[in-house]
K.L.:
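Dropping a structure here in C-alpha cells format, bear with me for questions.
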Amino acid sequence: MTDTPFLPDFFLRPTLAVARGVLGALLVRDVPAGRLVGRIVETEAYLFNDPACHAVRMTLAGPEHCHTARNAAMFGPPGHAYVYFTYGNHFMLNIVTQPAGTPEAVLIRALEPLEGVGEMLHARPVDPRNLTNGPGKLTQALSIGTALNGHDLSLPPLRLVQGTPVPEDAIVAAPRIGITRATEWLYRFYERGNGWVSRPRS
DNA sequence: TCTTAGATGCGCT
DNA sequence: GCGCATCTAAGAA
C-alpha cells in the first residue's frame, strides 16, 4: 500500500480536485538516517489566475513576464515538486498540477507522521505535537529544501504514494492561511477532526 | 492558553 | 526597501 504511485493523469484533474484527492496520501522521504513517512492531512490549491499564486502575473502580462527562476517548477511537468524558500527561514513543498505550461500547484500544509518520528525529531527538535503541523515545519522535519525543486515525486528520495483517500464528507474546505489576496476563496482542505492540521493565527 | 513582535533572506519594484 | 503560501519566544491573563 505504501508503494502505489499516482498515475500522471491524476495530476491533470482540476487542481482543486487534486488538492482534495491527495488528502490521505503518503509522502515517503528517504534520508541517510532512514525512511520517513507522513500522511497528508491538509492542503491548499494555487491556480494560475489566482491573485495569491506566484504565477498570477501570467494572466496580467503573459507567460513571458511571469515565468521566473523561482516559480519555474510550477510551469514544469505535473506530479513534480515545486519547492521554494520564504520568510528567510522556511521551505514550502508543493505538488505541480496541470500540463506543463499551466502553472498550478497544491501546497502540502500538514502531515500526520507515521514512520521515522525519531529521525524527524532529530531534524526538527521540538515538542512532538509541533513536528509536522505546518508547511514550514514538515519540510524541516523531512529535510526538504530547494535541492528537491522540480523533483519527480514518483521517484526516491521523495515519493508521493497512494494511501486511503479521505472521504468527501470528512473533508473541510476553508480559507487559505497566511495570504493577503483572495482570502475569501475556500481553497484550503483538511481532514475533519485530525489533530495534525495547522491552526490559523488570529 | 492566547496574543504579539521579531527573525531571517530572497525576489521583486 | 518592502513583502512574503512562516515559526518561535516571550509576555499577559
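Chain identifiers are assigned alphabetically (A, B, ...) following the order of the sequence lines, protein sequences preceding nucleic acid strands; residue numbering begins at 1 within each chain.
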K.L.:
Going from CG on A:L148 to CG on A:L153, what distance comes out if it is rounded to the nearest 0.5 angstrom?
P.N.:
8.5 Å
K.L.:
Is any NZ, NE, NH1 or NH2 atom of the basic residue among A:E191 and A:R39 found under 4.0 Å from an Asp or Glu carboxylate oxygen of the other?
P.N.:
yes
K.L.:
Please list, chain by chain and in numerical order, all residues satisfying ring pair (Phe, Tyr, Trp, His ring centres under 6.0 Å) with A:W196, sequence neighbours excluded.
P.N.:
none
K.L.:
Could you grab the distance from atom OH of A:Y190 to atom OG of A:S198, nearest 0.5 Å is fine?
P.N.:
9.5 Å
K.L.:
Give a yes or no on whether a salt bridge exists between A:R159 and A:D3, defined as a side-chain N under 4.0 angstrom from a carboxylate O.
P.N.:
yes
K.L.:
Holding to side chain to side chain contact (heavy atoms under 4.5 Å, CB included), I want the full list of residues that pass it with A:A72, two or more places apart in sequence or in another chain.
P.N.:
A:H67
K.L.:
Check residues 15-24 of chain A and write down every donor-acceptor pair under 3.5 Å in which the side-chain atom is one partner and the other belongs to a residue at least two apart or another chain.
P.N.:
from  : atom 1 : to     : atom 2 : distance (Å)
A:T15 : OG1    : A:T97  : OG1    : 2.6
A:T15 : OG1    : A:E104 : OE1    : 2.6
A:R20 : NH1    : A:E168 : OE1    : 2.8

K.L.:
Look for any protein N or O under 3.5 Å of an N or O in nucleotides 2-6 of chain C and output each such pair with its distance, or none.
P.N.:
from  : atom 1 : to     : atom 2 : distance (Å)
C:dC4 : OP1    : A:T180 : OG1    : 3.1
C:dA5 : OP1    : A:H54  : NE2    : 3.1
C:dA5 : O4'    : A:Y46  : OH     : 3.4
C:dA5 : N9     : A:Y84  : OH     : 3.1
C:dA5 : N7     : A:H54  : NE2    : 3.3
C:dA5 : N1     : A:N94  : OD1    : 2.5
C:dA5 : N3     : A:Y84  : OH     : 3.3
C:dT6 : OP1    : A:R109 : NH1    : 3.1
C:dT6 : OP2    : A:G178 : O      : 3.3
C:dT6 : O3'    : A:G136 : N      : 3.4
C:dT6 : O2     : A:H90  : NE2    : 3.0

K.L.:
In which stems does DNA chain B show up, taking only runs of three or more Watson-Crick or G-U wobble pairs whose two distances fall under 3.5 Å?
P.N.:
B:1-7 with C:6-12, B:9-12 with C:1-4
K.L.:
Using atom C1' in both nucleotides, what's the gap between B:dT3 and C:dA5 to the nearest angstrom?
P.N.:
22 Å
K.L.:
My understanding is that only residues two or more places apart in sequence, or in another chain, count here; which of them pass side-chain hydrogen bond (donor to acceptor under 3.5 Å, both in side chains) with A:N149?
P.N.:
none
K.L.:
Would you jot down, in residue-number order, the residues of residues 10-25 of chain A having a non-hydrogen atom under 4.0 Å from DNA chain B?
P.N.:
none
K.L.:
What pairs meet the ring pair (Phe, Tyr, Trp, His ring centres under 6.0 Å) rule with one or both residues in residues 100-120 of chain A, with sequence neighbours excluded?
P.N.:
none
K.L.:
What is the distance from CZ of A:F85 to P of B:dC12, rounded to the nearest Å?
P.N.:
15 Å
K.L.:
Excluding sequence neighbours, so at least two apart, what forms salt bridge (Lys or Arg N to Asp or Glu O under 4.0 Å) with A:R29?
P.N.:
none
K.L.:
Enumerate, atom names and distances included, each donor-acceptor pair closer than 3.5 Å involving a side-chain atom of residues 80-90 of chain A, sequence neighbours excluded.
P.N.:
from  : atom 1 : to     : atom 2 : distance (Å)
A:H80 : ND1    : A:G150 : O      : 2.9
A:Y82 : OH     : A:H54  : ND1    : 2.8

K.L.:
Taking only N/O atoms, report every protein-nucleotides 10-13 of chain C pair under 3.5 Å with atom names and distance.
P.N.:
none

K.L.:
Charged N to carboxylate O below 4.0 Å: is that the case for A:R176 and A:E44?
P.N.:
no
K.L.:
How would you list all residue pairs meeting salt bridge (charged side-chain N to carboxylate O under 4.0 Å, His left out) that involve residues 123-140 of chain A, not counting sequence neighbours?
P.N.:
none
